[in-house]
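Note that these values count all heavy atoms, side chains included, but never hydrogens, waters or copies made by symmetry. Order of the sequence lines fixes the chain letters, A, B, ..., with proteins taken first and strands second; residue numbering starts at 1 for each chain.
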Number of protein chains: 2
Amino acid sequence: MARSNSEPRTFVADKREAILRAAIKVFAGKGYFNSKVADIAKAAGIADGTVYLYFKSKDEILHSFFDRAMADFIAEGRRQLAEISNPVEKLRRIAQLHLEHLGADRDLAIVFQVELRGSTKFMQEFSAAGFAEYLSIIQETIEEGQEQGLFRRDLKPVVGAKILYGALDEMVTNWILSKKSYALGPMADEVLKVFFGGVLEQ
Amino acid sequence: MARSNSEPRTFVADKREAILRAAIKVFAGKGYFNSKVADIAKAAGIADGTVYLYFKSKDEILHSFFDRAMADFIAEGRRQLAEISNPVEKLRRIAQLHLEHLGADRDLAIVFQVELRGSTKFMQEFSAAGFAEYLSIIQETIEEGQEQGLFRRDLKPVVGAKILYGALDEMVTNWILSKKSYALGPMADEVLKVFFGGVLEQ
DNA sequence: TAAAAATGAATGATGATTCATTCAGACCCG
DNA sequence: CGGGTCTGAATGAATCATCATTCATTTTTA
């Protein structure tokens, strides 16, 4: 009762966090369905049962992770975009953030690229949430660019958004699967070179 | 022994085929890990054990499917590309084939987009096989185009291939998840418009 | 009728989840 | 102080359901 009241909250949040981090590492290593809750517990240095004091189920661990990771990413993106007015530069920043963010944490990237897509159920649930929002940020930026006469108008913004997202996404997937180690961030410029200017010789 | 020698082969192949088709439908519906072998057997109208007369394991069903589907697709692609000499038109044909093929069979598309990506293991195994070959067909076509002075040279062909593939792939994924029903094939032209010419106003 | 194909009940392993028990620290009282 | 008590966190062995796979038996085919 007379406990110094913020301390326990912090403690609990930390352990939840630790389980989450351990889970990501385990999921990244062997895939969601091949990971045992016992593996996660071991990776987090706790007993199997303890996992259930912080999460309702194995499923909820993955969900929590996505929800938080995506919300964080979008919040950061919006923050940075607010400082930019030129749509061309906005798209550049989006591409860079996307690749730098995932390029900075391989486990996170693996879980995002691989596990997120591992079930239509997840995809749809997730789709409904953050993913659609992300696509629509790109889409709105393209609309802005069209209004300002910077981008061609014979292209549906929603299609443009999918193309850019798809290209970035493929960069990440290839990076994960590649045996070679290289920086993902710089690929943003390569993608944008094509997205903005196309491959045809003028 | 005195069997009219091609008939039983055919018969066996047909049943194998039927199991494969049933499996795809089931996998597409609930995901590989959530699908029971019993579900597949029921969908194929046979007993559980019969599945094992044609496949060594559940895993092998998925593998067989990928191997065959990918080999067929690449063979068909090569056949059609052989009739085209212009790299621009070759890429157009690739994009159309890609989207028309998956757009014609939703179950096939779901398994390809979702299950194939559902595990790093699968991705890597698969990657080693047909997928790398597909990417390199695109890459070589871009190289040709560069040699003929059609495509800009300040772009690595391998990167260009990933961008085009990624954009097409995203069209398929969105199509699968979309509640609206629309034709996937025609999206090829939209993608190529951007891939060839870029989004910037001239 | 013999061989091949198919059956589906039984087996055995696996692994998510539960819960009776232990443990650690906070608080109280003499 | 120092030991007793309470609370909630943590434990991990046991439970229980779920399937992939097998194989003795039956059915079909030729």
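A straight line from CD1 of Ile61(B) to P of dA20(D) spans 10 Å, rounded to a whole angstrom. Summarising the geometry, the separation between CG on Asp48(A) and P on dT21(C) is reported as 19 Å, rounded to the nearest angstrom. Atom CG in Leu53(B) sits about 14 Å away from atom C1' in dT26(D), given to the nearest Å. Between the C1' atom of dT22(D) and the CZ atom of Phe55(B) lies a distance of 18 Å, rounded to the nearest Å. Atom pair Lys36(A):NZ and dA13(C):C1' shows a separation of 11 Å (rounding to whole Å applied). Between the C1' atom of dT17(C) and the OH atom of Tyr54(A) lies a distance of 18 Å, rounded to the nearest Å. Between the OH atom of Tyr52(A) and the C1' atom of dT15(D) there is a distance of 13 Å, rounded to whole Å. To the nearest angstrom, P of dA9(D) lies 14 Å from CZ of Arg16(A).
Taking only side-chain nitrogens and oxygens, Lys56(B) never comes nearer than 4.0 Å to OP1 or OP2 of dT21(D).
Within the 6.0 Å centre-distance limit, the rings of Phe131(B) and Tyr165(B) are counted as a close aromatic pair.
The CZ atom of Arg79(A) sits 12.5 Å away from atom CD1 of Ile74(A), with the distance rounded to the nearest 0.5 Å.
For the pair Leu135(B)/Val158(B), no side-chain contact is recorded, criterion being any heavy-atom separation below 4.5 Å from C-beta on.
With DNA chain C read from its 5' end, the first of the two nearest nucleotides for Gly49(B) and Thr50(A) is the one closest to Gly49(B).
Among the nucleotides dT21(D), dA16(C), dG8(C), the one closest to any side-chain atom of Lys58(A) is dA16(C). The listed nucleotides are dA10(D), dT17(C), dA20(D); the one nearest the side chain of Val37(A) is dT17(C).
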Sequence neighbours left out, cut at 3.5 Å: what donor-acceptor pairs do the side chains of residues 102-112 of chain A make with other protein atoms?
from, atom 1, to, atom 2, distance (Å)
Asp105(A), OD1, Asp107(A), N, 3.2
Asp105(A), OD1, Leu108(A), N, 3.2
Arg106(A), NH2, Trp175(A), O, 3.2
Arg106(A), NH2, Ile176(A), O, 3.1

